Asks: 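Take a look at this one; I'll ask things after.
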Amino acid sequence: MTPVTKYLVELPRPRRGWRDIQSFTACARAAAEGTDARLLRSVFVPEDGHCLLVYESRSRAAVEE
């Protein structure tokens with residue numbers, strides 16, 4: 001059995017900014033449903049405008065999907 005691993009996905013700020021980060025996180029969580037990836041949390045870094053998504057999965061491919 002493949003162990004579960006945590007993956008960090010870094011997203012740069014979109015041109016329109018992060019106006020509704022909660023809605024974005026809800027969409028990212030919904031997109032992972034039915035896959036081997038599970039969104040654990042999102043972290044917004046205001047200093048550089050990036051958003052970090054922390055996933056748990058047995059494969060990198062599932063997170064990339």
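Just so we're clear, the structure is a prediction, and the values are computed from it rather than from any experiment. Quick note: residue numbers are just sequence positions, from 1.
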Asks: The criterion is side-chain hydrogen bond (donor to acceptor under 3.5 Å, both in side chains); which residues satisfy it with Arg29, sequence neighbours excluded?
Replies: none

Asks: Please report the interatomic distance CG(Leu53) to CZ(Arg41), rounded to the nearest 0.5 Å.
Replies: 12.0 Å

Asks: Taking transitive links into account, so neighbours of neighbours count too, which hydrophobic residues share a cluster with Val45 at under 4.5 Å side-chain distance?
Replies: Leu8, Leu40, Val43, Leu52, Val54

Asks: Considering non-hydrogen atoms only, spot the tightest contact between Ser59 and Tyr7 and give its length.
Replies: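 Result for this residue pair: C-OH, 3.6 Å.
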
Asks: Distance from Ser57 atom OG to Lys6 atom NZ, nearest 0.5 Å?
Replies: 12.5 Å

Asks: Is Leu39 reachable from Leu11 through a run of I, L, V, M, F, W or Y residues, each pair having side-chain heavy atoms under 4.5 Å apart?
Replies: yes

Asks: Do the non-hydrogen side-chain atoms of Thr25 and Phe44 ever get within less than 4.5 Å of each other?
Replies: no

Asks: Listing request: all salt bridge (Lys or Arg N to Asp or Glu O under 4.0 Å) pairs with a residue in residues 55-65, at least two apart in sequence or in separate chains.
Replies: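 Counting only pairs at least two positions apart or across chains, the salt bridge (Lys or Arg N to Asp or Glu O under 4.0 Å) contacts touching residues 55-65 are Arg38-Glu56, Arg60-Glu64.
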
